[in-house]
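What follows is a short report on a single structure.
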Amino acid sequence: MSVFVIASFCFLVTSLLSLIRIIIGPTAQDRLVGLNLIVPQVVAIMVLMAINFNRTIYLDVALVYAILGFISIIAITKYLKGKKLHE
Amino acid sequence: MSFYLIVAIFMVGIWGLIAKDNLIKKIIGLNILNSGIVLFFVYIGSFQGTTAPIMEKGIKDVVDPIPQALMLTAIVIGICLTALALALVLKLYQKYKTLSISQIEKMSKDE
Amino acid sequence: MERSQIVTMVSRKLVPFILLFGLYLISYGHLSPGGGFQGGVVLASGILLLFLSHGFTLVQRSFPERHLNLTELVMVLLFLLLGLAGLLLGKSFLSNILLLGEAGEIPSAGFILLLNMIIGLKVGAGITLICFYLFRS
Amino acid sequence: MLITKKKLFKPLQKKRKEKVKSVNVHSKWKIIRILLTASYLMLGWIFFTVNLAPFSLFLGLTLSFAVAFFTYDLFIEKEEAARRSLLPRIYLLILYPLVLLTKVYLASFKMIIPVISGQSNPRVVHFRTRLKSELARVVLANSITLTPGTLTLDLDNDHLIVHWLDAKTIHSHYAARLIKGHFESWLKRIWM
Amino acid sequence: MLEIILLIILVLAILSLQFKDLLSAIISLAAFSFMLSLLFYYLHAPDVAIAEAAVGAGVTTILFVLVISRTKRRER
Amino acid sequence: MNNILILLIVLPLLSSFLVLLVSFISRSFPGKIFSLGGIALSLGLLFLIAPAIFSGGTFSYSVGGWKGPLGITLYMDGLAWLTSLIGTIIALLALIYSSGEKDYHPRFYFFFLLLLVGMQGVILTDDIFNMFVFFEILSISTYALVAYFQTGRAIRASFDYLLLSSLGAAFFLLGIGLIYQAGGVLSLEGIREVTIHLQKNSPSMFNLAVVCLVIGIGIKAAFIPLHTWLPNAHAYAPTPVSALLSAVMIKVSFLATWRIIDIFQAFSLQYLFIWLGAFTAFLAVIWALAQTDIKKILAYHSISQMGFIVASFGVASSLSLTASFFHIINHSLFKSLLFLSAGLVIYTTGIRDVSKLSGLGRKMPLGFFACLVGSLSISGIPPFNGFASKNLISLSLKNYPVAAFLILLASVGTVASFSKIMRIFVGSSAGDRIKKVPLSMTLPLLILCAFCLALGIFPSWGAGGISRLIVPGSFSLPGVYTFWQVAASILILAVGIVFYLLTLTSYGKRVFGYIRQMRLGLNNSLLLLIISLIFFVIFIQLF
Amino acid sequence: MIFIFYIFLFLSIFFAFFGNIGMLRFPDVYTRLQASSKCATTSLLSLFIGLMIFKGFSSISVRILVIGIFFLLTSPVASHAIGRSAYEGGILPWRRVRKKEDISEDR
């Protein structure tokens, strides 16, 4: 059990906390905040895992991940912006 | 334990596909179903080996590459299906002005 | 509803890099994770980011729909013709018709690089077109 | 018949000639823009691949030119095509993130206090910036967002709307001085 | 570790089917895809992880949002 | 010579994209020429290897020179050749028909050719995962084709079909995963080798995998618990497409089921198929009698005839397999003939309801003739091909009297419901405005009529050739035209017509009106799929 | 060297944890957004700095640098987009004491 595995485990546990926000968030924006917080934690786990596996190629996944989390959030907010909230 | 969780994800997909009345919910269920199968394949591929099946110098003991290759194809098919189904849902909404399958069935019975 | 200046500005500066990253995923597909399909999807995501932040008309100016359509069709034809070229040279369908380089370098599988490029451009154009279709219909 | 046609077409031809001239000037800028975009992209390629083999560099050059040909219009807009915005002061541009990082770190610890105590006094403040270039304004807004305690809600030309977690004042002038800090002067020196 | 990620995925899957607000369902589906991609990464399948992250989180979300913006947001 | 296998798949693919490309570049140039050319060329290629196939040869091919699990391998034997030939011929005829019917968009031809690609791939592939991929190509193109007219019902039919068949595909994929986990192989030959080993080691997992595979493909073969998508999809698709779907797609799916059961040696499941088939044949006819829409009647009859095929396949003697395959070919011929002539009726009058049409026989004698030939064939009346194969089927069911009786009832019902269709040609004419029919629409009908008649008069050609291709040992085919059998078919005709007259009474009308109202919704049919899966698993575990 | 790395790793987990706690405790979207996005940025950056110190100059640390730059570019934009959508969607910012005349000032 190396230190990287323990650290990534900690990040996983903290991302469980942000899952709660997705569950209870009263508005859609609150849920988006939860999503927005999950992305960097998962990137952190991925980077730690890549160091643990000791291969550079794994880091490409983290890069794709960082880019695409951004795009999905932009897509959802673009829809939210156009309309009044129902809640 | 993890095997049963994967089966549970698969079952959740089937449940969403069958029990939900909303068309978009049905497609979400279809997505979850596909993801469950992809997960199952990758899981059975990962029993042996400790690193990714991408060849570099000094790499051995890789996991089974075949399920991963198959699952890439399955993901491609999955997105094709999702896109087609969503296009059909859009057309159905324009025709019937509702997203509920029971109401659509009621309306097309009256036709 | 006006657009946010910050989002438009950043996506304007970021989109070329995303496209380049997609091309990187395609061209290094056999040495690192990625490949034709994944790179194509990243290419499409780049164009779609532009579509989300700048609207439909500006995307039409840089990436006209007609050209995307044409790219998609021509790429499939090129793929099939490359496959048939293997038949004509007396080997089987889709067999390697280029010389192999040394292992571990990019040109090690020159033919696969070419095929990946074709698949990637096709997938990118195709997914963008699907989204445009859903946007307009 | 013929004469009238000629007469009709003469002014049109003149106009076209003028257009060609203006296109010439424009196309010179176009080439510069493509080259600049491609060079930025090439830098990005080297960072992506971490591979200095000649074939990789060659591939990167062709691909970055291909991407630049499609996106130069986005990457460097026509209005931006001035000397100052194209060539920022590079050493300051590299130094700026470091300054930002130290600021972010120092302020992050302050963030923990309201998290633990649950005590905060959030307000929305409006103020203006004196930066001219749009890029610099966007970078300023992003820096404000990155700094803990403040969040840019909207940027409308030079008008910023900021959500401030621990508001000390809502007076626009003082708030601006507190929030912007030294960022504005740094950015002014980089992009003008 | 595997079990925790799977549990998160299961919860997100159920959530994305249970939300009455379709947009929340899609946010949940995007998070589902993200965690699924992490799981593939953990199971040594980076190729599949990239494909899932790109498709599930990027393109599918955009497709769903496009369709919802042209239809209805609430389930009923 | 081996290269022909890959060309059979690549040629339609190439021509499909050429159609789109050409129509994209210039609007005036008729792109559909490419589609005709592609199909005709692949037909020529099939004839080119006919001598080698008939002398017992088989072909195999691996794409890119890569063998093993990662490469794509193709394989062709007599059965595959025959199916591919029938499919190509009917696709060609349907395409000729479609060029006369309507000015279809190039996208139609694109998906039409893609359907052909999927069909050839499913037939030729030697790898269970590639079978799945080609099945998905086939299904995606059919979803698009069924929804082509974009009426509300067509889109709903396509959507139902999409959901049901993607659930089936998910189960198919699950089955592949289970097999791969247990055996570590994907190619069909490799699976055949490890089957006995697997059956001994982990029987329950193996049974689950087999049932998943069979259900996953069976959903497209449309026997009774899995048939719910078919009537709507076939009825609301464009006419050439419904001809192709009915004649080719469900047959190809059934042949894939056949192959899977053969490879996994799931004999108890095969025994179940006798009863499934008999009930399918009987129940579907009753549903068909209740319908009034002409294409829906034909669609229900497709299910019913699939019941004949499935029941005969279940007996698993060499006679019954020959009969089953012979009926597959015959049904492809006369069902496409019937669909195309129904399309002709709809084209000329614009009405789909049978009860609103009458007296068309004098106005369109050619259509009347074609429809008559098709109806007599499907009812099993002597000089036509349906007679021969139905006789062989009833001979092969000798040891299962209940199933044989159900099949007999189904034949009677078939006669009755086709008397209903034939009524639109006789009597006084109601409508007077009738469109002129171009030659390209009638020519395919005549060709199909000729085929039907030829196979009916000389059944030993068809059945003998088939038995030589698919059954390893030689056996003697029983004669078809004996006195008793002809007499029995005449009797069936008489009883059927009497039964039809019974349905016209007020009581019969009420009963059938009630049956018409009984329809399964989408959710219930999805649930039915799961229930039948569980039922199959329990059955295969017990027996 | 490894000691510095441990410090940064601890800082990173610490900030991630407090970001989550803040996101759960704060009363409205804007304050939650503040807590979450800032703490995530800080945690990720400190992790990257720690790893870059740990690995020295190698291909891995160059790749981590690229990820960090991308993240630094995209993260504020995403949180800005969420905040702006909430602001334009009509969600009023939470305040400790709300008077009637202050509402118009906020909008």
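Chain letters run A, B, ... following the sequence lines, proteins first and then strands; every chain starts at 1. Values below: every heavy atom of this structure, side chains too, minus hydrogens, waters and symmetry copies.
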_Which atoms of F5(G) approach chain A - backbone, side chain, both or neither, heavy atom under 4.5 Å_ = side chain
_Please give me the minimum heavy-atom distance between L9(G) and A7(A), naming the atom from each residue._
CD2-CB, 3.9 Å
_Atom of T56(A), atom of S59(G) and distance for their closest heavy-atom approach_ = OG1-OG, 3.5 Å
*Side chain, backbone, both or neither: which part of I67(A) has a non-hydrogen atom closer than 4.5 Å to chain G?*
side chain
*Full working for side chain to side chain contact (heavy atoms under 4.5 Å, CB included) between V3(A) and Y6(G)*: CA-CA 9 Å; V3(A) 67; Y6(G) 281 152; 3.7 Å; yes
*State the CZ-CG distance between R63(G) and D60(A), to the nearest 0.5 angstrom.*
4.5 Å
*asked:* Can you tell me which portion of L32(A) sits under 4.5 Å from chain G's heavy atoms? Options are side chain, backbone, both or neither.
replied: both
_Toward chain G, the part of L63(A) with a non-hydrogen atom under 4.5 Å_ = both
*Would you mind reporting whether L59(A) and V66(G) have side-chain heavy atoms less than 4.5 Å apart?*
no
*Any chance you could measure L35(A), atom CG, to I82(G), atom CD1, to the nearest 0.5 Å?*
7.5 Å
*If every non-hydrogen atom of N36(A) is compared with every non-hydrogen atom of A78(G), which pair is closest and at what distance?*
OD1-CB, 4.1 Å
_How close do S85(G) and Q29(A) get, counting heavy atoms only, and between which atoms?_
OG-NE2, 3.3 Å
_Worked verdict on V77(G) versus I74(A) for side chain to side chain contact (heavy atoms under 4.5 Å, CB included)_ = CA-CA 9 Å; V77(G) 182; I74(A) 296 281; 4.3 Å; yes
*With a cut-off of 6.0 Å (strictly less than), are more than 12 heavy atoms of other residues, nucleotides or ligands near CZ of F9(A)?*
no
*F11(A) and S12(G): side chain to side chain contact (heavy atoms under 4.5 Å, CB included), yes or no, with the steps?*
CA-CA 9 Å; F11(A) 275 110; S12(G) 142; 3.0 Å; yes
*asked:* Working note: R32(G) + D30(A), criterion side chain to side chain contact (heavy atoms under 4.5 Å, CB included); need CA distance, chi angles, decisive distance, verdict.
replied: CA-CA 8 Å; R32(G) 280 169 202 157; D30(A) 285 303; 2.4 Å; yes
*Using non-hydrogen atoms only, which part of S79(G) is less than 4.5 Å away from chain A: side chain, backbone, both, or neither?*
both
*asked:* With a 4.5 angstrom heavy-atom cut-off, is it the side chain or the backbone of L17(A) that approaches chain G, or both, or neither?
replied: both
*Does any heavy atom of chain A fall under 4.5 Å from the side chain of F10(G), the backbone, both, or neither of them?*
neither
*asked:* Between L47(G) and chain A, with a heavy-atom cut-off of 4.5 Å, which part of the residue counts as in contact: side chain, backbone, both or neither?
replied: side chain
*In terms of heavy-atom proximity below 4.5 Å to chain A, should L51(G) be classed as side chain, backbone, both, or neither?*
side chain
_Between F17(G) and chain A, with a heavy-atom cut-off of 4.5 Å, which part of the residue counts as in contact: side chain, backbone, both or neither?_
both
*In terms of heavy-atom proximity below 4.5 Å to chain A, should I67(G) be classed as side chain, backbone, both, or neither?*
both
_Which atom of A44(A) lies closest to which atom of L44(G), heavy atoms considered_ = CB-CD1, 3.6 Å
